[in-house]
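Proteins come first, then strands; the chains are lettered A, B, ... in the order of their sequence lines, and each starts at number 1.
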Number of protein chains: 2
Amino acid sequence: MSKLEIANRLRSAREMAGLSQGQAAKRLGMHRPTISEIEAGRRNVKSDELLKLANLYGVEITWITEGKVNEDKIDQSILAAARELSSMKDEDIEALINTIKMIKASENKDGKN
Amino acid sequence: MSKLEIANRLRSAREMAGLSQGQAAKRLGMHRPTISEIEAGRRNVKSDELLKLANLYGVEITWITEGKVNEDKIDQSILAAARELSSMKDEDIEALINTIKMIKASENKDGKN
DNA sequence: ACCAACGGTAAGAATATATTACCGGCGGTA
DNA sequence: TACCGCCGGTAATATATTCTTACCGTTGGT
C-alpha cells in the first residue's frame, strides 16, 4: 500500500537530489542494497532512517509519507500558545508539563544535517 | 538518540489521544507488546506504522519524528499565561506550542475509546 | 475478596535485515 | 573490439529483529 508509495517517493526524492544509491548510502552510513531494497518496496523503512533520508534529500517527511507538503514556518508561535493554554483542561496541562520535561531532557540533541 | 524521542512522543500522543496501548493496538491491528516496546524505545517504528499511529493519535508525523508542527495562527489574548511558562528558551517555547496544538487537536478527535 | 484493564516483559518461533558478493547495463575511451 | 568505472538489482546466509503467547504486578471498581 503506502509502503510502495513511500518507496517510490523516496526514490524520486533521491533522484531529485541528484544522488545515486551508493552516494546516499555512504552519506547516511547505510549499505547500498538497503537503499535498493527500500526503494523497491521490499524493505521497511525505520522511522529514524526516514528522518535521515528526508533530510539528506531535502524534502519534508510528510512528503515522503503522505505526498503532501507542509507550508509555513512557526512564527507567531508564542501568541498561539497563550490562547491555547487558556482553554486547556487540567489533565491536558498535566500531559503538557510532562512533555515539557521531556523536551527539556532531550534538549542537547542535534537534528540538523 | 531520536529513536527515544520518537518513542516518548508516541507515548505522549497516545496518552493525549486518550487511548490505552491495548486500544491503540487493536485499532491498528497491532499487538499490544509492540506498542509497549515501541514506546519504550526498544523497537523500531516502521514508516507505515508511523503513518498509522500519527493518524490514530491525531498528530502530524513531523511532530512525532521531529517535535515540530507546521500550522496556523491564533490570537494574543492570554499572552500572559504563556509568559509565565517562558522561563524556557525559544526553541522550547516552539515545542510547547506544537504540543499545545497537538493536544487541542486530539481533544476534538475521537476522544472516546 | 474478586474482577477487569492497564502496562511491562520473558521466551521461542517466525520473519526481516545486514553484509558480502556477483550480475548485467551503460557511457566513455583507447 | 576490449576495457574501465559507476550504476542499480539481487542471491546467500549469518545475524538481528520482530511476532506471538503468556505471565507478572499494579490499580481501580464492585
Below 4.0 angstrom from OP1 or OP2 of C:dT15, is there any side-chain N or O of A:Arg42? no
Roughly how far, to the nearest 0.5 Å, is CH2 of B:Trp63 from CD1 of B:Ile6? 11.0 Å
Measuring from atom CG of B:Leu50 to atom OG of A:Ser47, what distance do you get when rounded to the nearest 0.5 angstrom? 6.0 Å
Can you find a pair of side-chain heavy atoms, one from A:Lys3 and one from A:Asn44, that are under 4.5 Å apart? yes
4.5 Å side-chain heavy-atom contact, B:Ile35 and B:Leu53: yes
For B:Glu49, what residues pass the side chain to side chain donor-acceptor pair (under 3.5 Å) criterion, not counting sequence neighbours? none
Inter- and intrachain pairs under salt bridge (Lys or Arg N to Asp or Glu O under 4.0 Å), touching residues 14-32 of chain A, at least two apart: A:Arg14-A:Glu39
State which residues pass side-chain contact (heavy atoms from CB on, under 4.5 Å) with [X]; sequence neighbours excluded, sorted by chain then number.
X	result
A:Thr34	A:Met30, A:His31, A:Ile38, A:Arg43
A:Ala17	A:Leu19, A:Tyr57
A:Asn8	none
B:Ala54	B:Val59, B:Ile61, B:Ile64

Contact span of DNA chain D against chain A, any nucleotide atom under 4.0 Å from a heavy atom, 5' to 3', runs D:dC7 to D:dT10
Table of protein N/O atoms under 3.5 Å from nucleotides 23-27 of chain C N/O atoms:
none

Heavy-atom contacts under 4.0 Å between residues 23-41 of chain A and DNA chain C, which residues? A:His31, A:Arg32, A:Pro33, A:Thr34
